[in-house]
Amino acid sequence: MTDCIFCKIVDKQIPASVVYEDDEMLCFKDINPAAPVHLLLIPKEHFDSLAHAKPEHEALLGRMMMKVPQIAEANGLANGFKTQINTGKGGGQEVFHLHIHIMGRPA
Ligand code: 5GP
Ligand code: ZN
């Protein structure tokens with residue numbers, strides 16, 4: 001997936017401000033933040049969108065969702081945050097590598 005900007009971030013071909021990384025997911029700051037804290041959590045494995053997730057991604061998606069509050073708290077959002085997953089052109093998705101937006105204002 002050499003044309004995918006987020007795969008390039010995973011492969012360190014282009015820089016990003018990474019706030020969390022493990023074997024299967026990466027979280028980094030959105031380059032054009034829509035909130036004081038705006039992070040993107042992605043699987044390292046490329047799939048285009050939530051609509052492209054396969055049954056074998058179910059546990060990974062669950063682990064990503066469970067990681068969101070931990071990442072949010074570590075980035076000043078212990079008081080609360082918004083999550084958003086844009087899916088498909090009709091859903092406002094612009095980068096076709098699944099990602100979870102984590103947004104909020106530190107208390
Ligand atoms: P979408 O509309 O696809 O849900 O959101 C894509 C998000 O990726 C946007 O908020 C946009 O600012 C962010 N973005 C696009 N290109 C880059 C990039 O090269 N680096 C980073 N850190 N964020 C990006
Ligand atoms: Zn990708």
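As the structure lists them, so they are numbered: ligands from 1, and atoms in each ligand from 1. Each residue takes its place number in the sequence, starting with 1. Side chains are part of it too, since the values below use all heavy atoms of this structure and drop only hydrogens, waters and symmetry mates.
Side-chain atoms of N75 and E73 form no donor-acceptor pair, as typed in the model, at a separation below 3.5 Å.
Looking from atom 15 (C) of ligand 1 to the surrounding protein, the closest heavy atom is V95 CG2, 3.9 Å. The single protein non-hydrogen atom nearest to atom 2 (O) of ligand 1 is G92 O, 3.0 Å, given as residue, atom name and distance. Looking only at protein heavy atoms, the nearest one to atom 22 (N) of ligand 1 is K29 O, 2.9 Å.
We find that K12 and E21 are joined by a salt bridge, their nearest charged nitrogen and carboxylate oxygen being less than 4.0 Å apart.
When the N, O or S atoms of H97 are ranked by distance to the Zn ion (ligand 2), ND1 comes first. When you scan the N, O or S atoms of H46 for the one nearest the Zn ion (ligand 2), you land on ND1.
Distances from atom 4 (O) of ligand 1 to the heavy atoms of H99, Q93, H38, E94 show the closest one on H99. In the candidate list I31, I42, D30, I31 is nearest to atom 24 (C) of ligand 1, counting heavy atoms.
Shown here is N79, whose CG atom has no more than 12 heavy atoms of other residues, nucleotides or ligands within 6.0 Å.
With a heavy-atom cut-off of 4.0 Å, I85 does not touch ligand 1 at all. Residue contacts with ligand 1 for F28 involve side-chain atoms from C-beta outward but no N, CA, C or O (heavy atoms, distance under 4.0 Å). For I5, every heavy-atom contact with ligand 1 shorter than 4.0 Å involves the side chain, none the backbone.
A 4.5 Å side-chain heavy-atom check between L60 and E24 finds at least one atom pair inside the cut-off.
The atoms of ligand 1 that sit less than 4.0 Å from any heavy atom of N32 are 12 (O). When each atom of ligand 1 is checked for a heavy atom of N86 under 4.0 Å away, the hits are 1 (P), 2 (O), 4 (O).
In summary, of the residues considered (L40, V68, V19, D22), a side chain to side chain contact (heavy atoms under 4.5 Å, CB included) with C27 occurs for V19 alone.
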